[in-house]
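Sequence lines set the chain letters: A, B, ... in the order given, protein chains first and strands last, and positions in each chain run from 1.
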Amino acid sequence: MEDSPLWSRRGFLGMGVGVLGAAGLAACGGTSEAPPRAQAEVPKELLDAAASMKGSSMGVLSQKLYSTAANEALDSSIKKFADATGTKIENSLVQADAGDVVAKIDAEVKGGVARDLAFMTDSRFVAQFQALGDLEDVTDIVQALTAKYGEPSAEAKNFCVFDGKWFAIPYHFIGIGSFLRKDWMQDKGIAPKDIYTWEELRDLCLAISDPGKRRFGWGMTLNRSGDGNGIIEALINSYGGAIASNDGRKVTFDSPETVQAVTFLGDIYTNPKFKPMLPPGVASWTDTGNNENWLAGILGYTRNSFSVYADSKTKKNPVYEKTHVFPDCIGPATDKPLLLGQSQGFVVFKGAKNAALAKLLAQYMITAPALLGVAKEAPGLAMPAWDKVWDADPFFTSGDPAFPILRKITQQQLPLSTKNGLTFPQKASAGQQAVVAAYVLTDMMQQVIQGAAPAKAVSAAHAKMVQIFTQQGLPQ
Amino acid sequence: MTAIRPAPVPVTGASPPPGPGSLTATQRRLGRDWRLAALFLAPTAVLVGVLVLLPIARSVVTSTTERHGSDSVFVGLGNYLALVGDQQFRTGVVNSFVFTAYAEVFKVVLGLSAALLLHHRRRGRALLTGLLLVPWVVPTVVTAFSWRSLLDPIFGSVNTLLTDSGIGPLLASAHLVDSWPAGWLSDASLAMPSVILVNVWKGVPFFTVCFLAGLKAIPADQYEAATIDGASAWQRFAHVTLPGLRHVITVTVTLSSIWTFNNFDLIWLLTQGGPGDVTAPYVLVAYSKAILQLQYGAGAAVTLVMLPIIGGLVFFLVRLLREDSGSGPARHRERAPWIATARKALPWVIAATVTGLLAWASPEIFWKAAVVLGVIMLVAAAVGRVVSGFQARGGRRASSVVSGLGSGVALAGLLVFVLGPLYWISVTAFKSESQVVTRDHDLWPTPWTLEQFGALFTNQPFGRWYLNTLLVSAASTAVALLCAVLGGYALARLRFRGTQGFTVTVLLTYVMPGALLFIPLYQLLIGVRLTDSLWSLVVTYPTFTLPFATWLLSGYFASIPLELEEAALVDGCTRVQAFRRVVLPLAKPGLLAVALFTLTNAWNEFLFAFVFITKDEYKTLPVGMQSMIAGDVVPQGQLAAASLLVSIPVVIMYALGQRFLTEGLTAGAVKG
């Protein structure tokens with residue numbers, strides 16, 4: 001998987017959404033008594049606010065988490081809320097990775113049949129929905145939550161805010177990171193570090209590779225995939241290049257920094273020197289490729305969301321014990337990794353029939369009691385998005401060695417800048433998101449791998465981006 | 001599809017006296033049976049009109065707009081003009097053409113071989129046909145993920161087996177692959193052939209069944225006459241079988257070409273168009289623009305630009321179907337001799353053009369494909385030689401042994417190709433999760449366990465999906481049958497104006513790929529509040545098979561002797577009664593064929609079910625199975641277990657019903 005400070009293709013499954021609305025239906029009680037346990041967990045002020053909505057109903061759209069247990073934990077949290085407030089809450093699963101989630105939900109919103117509440121990966125989708133005019137302003141909720149739970153994760157302030165207004169409520173932070181096989185490093189007498197430059201990482205991957213033993217150091221593909229898009233953009237950014245200007249409006253792709261980055265990356269896949277570290281078949285991986293091969297134990301490095309980490313931990317894959325986690329690499333233009341991560345954000349759709357209840361549910365779901373079950377089933381993948389929630393339960397800080405790394409990412413001072421004046425995160429841009437969705441980056445790298453000169457490939461890609469930006473209504 | 005002779009006017013009722021002079025003015029203009037025809041064609045017209053033509057019309061309008069933020073801006077032909085310089089689009093079109101052409105060639109060759117082998121088989125034909133039909137039945141998501149697993153360069157069984165048998169390095173030294181082990185899906189020069197291979201695998205059953213039906217339709221006495229005249233096996237094949245199958249081959253290839261050209265989900269799931277854009281068909285380009293970049297206008301423009309090509313194929317198909325009715329002979333008299341020669345030469349000209357284009361567009365694949373085909377032909381020819389050699393020397397025993405052996409080996413080879421991935425699916429269903437993840441022992445579960453089945457039923461509402469799919473399949477088959485029966489009868493028997501026009505319009509359904517159609521269709525269904533319910537599927541699924549089904553049934557009806565109906569009419573039945581009591585019962589095999597086709601389509605369909613339904617309790621099997629792939633972790637074991645449970649009933653159904661399937665396809669529908 002990938003992630004880039006600005007965009008990521010892979011869906012991060014926030015909460016498992018389990019099963020049926022029938023469960024929600026069955027859960028809603030007609031009486032005013034709710035089981036005391038559930039009441040203890042739902043904050044009182046939410047219950048009070050929900051008193052007037054007793055007996056009403058709403059629909060939630062949740063993204064499918066990779067593990068069913070996490071799904072079930074999510075569903076039981078929603079049920080608790082429904083029980084405690086005496087309402088009917090129906091929960092449906094959606095797969096954000098299929099590609100058509102925005103088009104489909106937009107059609108629903110415009111047709112008046114959308115659910116009330118959904119959670120969407122902020123850096124991927126919120127800007128698109130907001131640009132289509134599908135979202136309600138939720139600034140008041142976010143302000144109330146900030147007063148109670150502290151600051152939300154740093155990147156959320158960029159991806160959920162438009163013209164000073166919040167359009168998504170940060171729900172949970174999605175862990176993203178880079179993973180190395182520390183046992184392979186030990187075999188070669190190399191000590192793990194917490195920060196690498198891309199060059200150091202590349203050389204490290206070559207050093208720990210051993211095709212005879214099925215050890216392939218470099219586990220990243222440049223094929224059309226979220227992972228491919230992610231690594232390409234992150235690398236270019238760390239060299240000081242970017243698709244668009246800081247305000248997200250003008251294409252600035254073709255620059256000496258970008259060419260330098262592209263040359264470096266292309267070299268890894270074309271230089272015979274690096275052949276031993278490339279797994280056979282890497283050129284055709286889609287998003288599942290690096291996960292499967294990491295879990296099969298043949299990769300030395302991969303960059304992904306914590307889905308693969310969580311999977312190895314919960315399924316007791318031997319690879320888990322041997323994983324060294326670090327945030328991301330730096331390039332010539334940066335001192336710190338530009339990794340911002342992403343969050344799932346609750347969005348309330350325009351025309352929602354029970355927006356008030358939806359907003360209350362959102363405020364419950366972000367709290368520690370509601371999040372804990374999910375976080376335990378999807379370690380690293382569902383972390384708190386609000387400062388004080390991290391401290392509300394020891395699991396979030398000490399449940400896994402990787403968690404403190406993730407917390408640090410959420411607390412970064414923004415903006416992060418490169419030595420040549422780029423600031424990250426950049427303004428969310430429909431043009432940039434469309435460029436990524438059109439595979440411009442991966443196709444460009446493919447050309448380089450096939451032998452095109454990096455400078456030429458970069459300017460061809462720049463021309464394509466200009467066309468796409470114009471088509472999105474951003475004249476160049 | 002009009003009948004050759006006019007049907008007699010029914011005697012009942014206060015109708016005008018019989019005779020041509022009694023036609024009313026409207027009847028003179030629209031044809032004698034226009035009222036009944038309108039009634040019979042109405043269901044099809046409504047279904048296709050609302051669910052297909054309307055969205056296509058909307059797409060045409062949308063293709064003149066661009067989306068800027070949340071506004072739609074009119075840009076006239078801007079989207080179309082932008083395509084001229086669009087490299088991705090050009091590559092996409094070439095890819096689609098290459099993909100379709102090679103896939104069709106191999107599907108014909110393999111389908112014909114399978115049909116010939118099965119046709120001459122005496123024992124076990126039902127079971128073998130049922131087995132050969134399995135690839136068609138397996139959902140696309142399973143096909144894609146199983147083949148991806150099998151073609152994996154490190155862990156996949158294809159490479160393991162080829163390496164162990166020594167064939168792999170041979171391929172490399174013959175330069176058929178660039179290096180060994182081959183990166184089937186990752187090597188830019190092998191990706192397209194691999195994708196073609198999977199499409200061929202999936203498509204061979206359809207061709208086999210159609211050709212089998214066609215073979216049955218060739219009268220046995222033609223073979224006898226040829227044998228008496230001293231024709232060898234090869235000569236019989238070339239001069240009796242092939243001409244007899246000519247019509248079937250042409251129709252099947254044209255239909256399949258349309259479907260393959262517009263294919264999207266198989267390539268999407270296999271490679272997403274990669275590596276780079278080497279395998280990206282034009283539909284993927286359209287999908288990327290319309291759905292991923294949310295520029296529906298640009299995406300629609302891509303699809304509509306290809307309209308002339310698909311439209312051309314559709315038009316060609318319609319002319320072919322018209323020949324069915326035998327409206328040919330009267331016209332031939334008026335033709336000049338050079339037109340007749342031109343007509344004869346046309347197929348060769350087309351074949352030569354296509355071959356030339358292929359060689360230009362994909363030189364590396366071209367010579368490799370030629371090698372593969374050549375090898376197949378050589379082996380077949382060699383065996384044939386040996387057989388006829390034995391026959392010539394009077395060694396009948398030896399020749400029949402050799403030919404039996406030869407066809408046995410060929411059949412075995414075919415079965416291995418067809419059933420190989422299914423074997424992999426079956427054993428993976430019984431592997432433990434850790435074995436699946438570590439990819440040990442790809443071809444044998446160590447140990448055998450029912451863990452995957454257990455996980456399948458506890459983690460997923462599998463039973464629910466099954467039920468939903470059964471309901472949707474049954475209901476949509478009923479709808480499709482109703483429309484196709486009425487439409488087919490109208491086209492076969494009733495005299496009215498606009499038969500060809502109607503057929504063309506209905507066939508236009510195939511013009512727009514589902515991958516583009518689903519958004520306007522979704523908006524339509526939202527408008528009538530049908531989304532998130534099984535009704536949306538019941539109503540839209542029939543549109544996929546209606547054109548094919550209507551054609552099939554009209555041919556079937558046309559083959560039922562008119563005298564039977566006339567006898568009924570003379571005895572006092574109305575048209576409708578004669579239809580219900582005489583024609584329908586006789587058409588049972590045809591009805592069953594249509595039912596099986598529609599059922600399989602509904603069983604397998606993914607895209608519409610995925611888009612139209614969000615509520616978990618309404619999901620169908622393909623969508624449910626796709627949803628098991630959470631994020632980027634593919635539960636191969638559970639998917640395999642699910643596939644087994646999904647495929648077995650359908651295989652049994654086909655094994656039992658395939659006799660009717662071929663009968664249904666045979667009568668009339670496939671006669672030349």
Side-chain angles (χ1 to χ4, degrees), chain A residues 1 10-13 19-22 61 64-66 68 92-95 97-100 102-104 107-108 111 113 128 131-133 214 223-225 279-284 286-288 291-292 295-298 307 311 315 317 430 434 437-439 443 446-447 450 467-468 471-473, chain B residues 66-71 73 82 88 152-155 181 183-188 191 271-277 287-296 298 433-434 437-439 458-461 519 522-523 526-527 529 531-532 610-611 614-617 626-627 629-634:
Chain A
M1 290 269 258
R10 273 334 274 187
F12 287 77
L13 322 171
V19 218
L20 322 192
L61 205 59
K64 195 173 199 311
L65 262 187
Y66 87 95
T68 336
S92 299
L93 273 175
V94 74
Q95 267 193 298
D97 305 309
D100 51 11
V102 178
K104 178 176 158 165
E108 288 168 10
V113 294
Q128 291 186 60
L132 290 167
R214 269 196 190 169
N223 191 26
R224 291 178 162 195
S225 59
V282 71
S284 70
T286 55
D287 279 305
T288 58
N291 288 50
E292 289 173 339
L295 293 170
I298 64 166
S307 60
D311 195 77
K315 298 231 178 88
N317 188 316
Y439 303 119
D443 285 358
Q446 190 61 28
Q447 284 181 338
Q450 301 281 350
Q467 194 204 23
I468 292 175
Q471 208 173 41
Q472 296 286 334
Chain B
E66 244 176 33
R67 180 188 65 86
H68 291 176
S70 51
D71 307 313
V73 171
Q88 259 187 348
D152 187 297
I154 311 177
F155 298 109
W184 297 101
L185 291 172
S186 54
D187 188 334
T271 59
Q272 287 202 348
D277 58 358
Y287 181 83
S288 157
K289 288 187 201 285
I291 309 300
L292 301 180
Q293 299 173 51
L294 294 172
Q295 288 294 347
Y296 196 78
E433 184 64 20
S434 51
V437 169
T438 53
R439 324 279 281 276
T458 37
N459 293 351
Q460 329 283 349
I519 280 296
Y522 191 53
Q523 290 166 339
I526 289 180
R529 297 291 186 267
T531 51
D532 241 349
F610 184 64
V611 176
T614 314
K615 281 210 190 115
D616 300 311
E617 65 254 36
Q626 163 82 351
S627 75
I629 301 162
D632 46 5
V633 177
V634 182

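Comparing Gln447(A), Arg224(A), Gln446(A) by how many heavy-atom pairs each has under 4.5 Å with chain B, the most go to Arg224(A). Here Arg529(B) is the residue among Gln523(B), Gln460(B), Arg529(B), Glu433(B) with the most heavy-atom pairs under 4.5 Å with chain A. Ranked by heavy-atom pairs under 4.5 Å with chain A, the first of Leu185(B), Val73(B), Asp187(B) is Leu185(B). Chain B forms more heavy-atom pairs under 4.5 Å with one residue of Pro280(A), Gly297(A), Ala296(A) than with any other, namely Pro280(A).
When all heavy atoms of Gln293(B) and Ile468(A) are compared, the pair lying nearest together is OE1-CG2, 3.8 Å. For the pair Phe155(B) and Arg214(A), the tightest heavy-atom approach, listed with the atom from each and the gap, is CE2-NH1, 3.2 Å. Nearest heavy-atom pair across Ser92(A) and Lys615(B) is OG-CA, 3.9 Å. Across Leu292(B) and Gln128(A), no two heavy atoms sit closer than the pair O-OE1, 4.4 Å. When all heavy atoms are compared, the tightest approach of Thr271(B) to Asn223(A) is O-ND2, 3.8 Å. Contact record, Ala283(A) with Pro275(B): O-CB, 3.4 Å, taken as the closest heavy-atom pair.
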* Asked: When you look at Arg67(B) and Leu132(A), which way does the side-chain contact (heavy atoms from CB on, under 4.5 Å) test go after all the steps?
  -> CA-CA 9 Å; Arg67(B) 180 188 65 86; Leu132(A) 290 167; 3.5 Å; yes

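Heavy atoms of Gln450(A) lying under 4.5 Å from chain B belong exclusively to its side chain. Interface residue Ala82(B): backbone and side-chain heavy atoms are both found under 4.5 Å from chain A.
In this structure, Thr614(B) OG1 and Glu108(A) CD are separated by 4.5 Å, a value rounded to the nearest 0.5 Å. Note that CD of Gln88(B) is 9.5 Å distant from OH of Tyr439(A), once rounded to the nearest 0.5 Å.
For Lys104(A) (side chain) and Phe610(B) (main-chain N/O), a donor-acceptor pair under 3.5 Å exists by modelled atom type.
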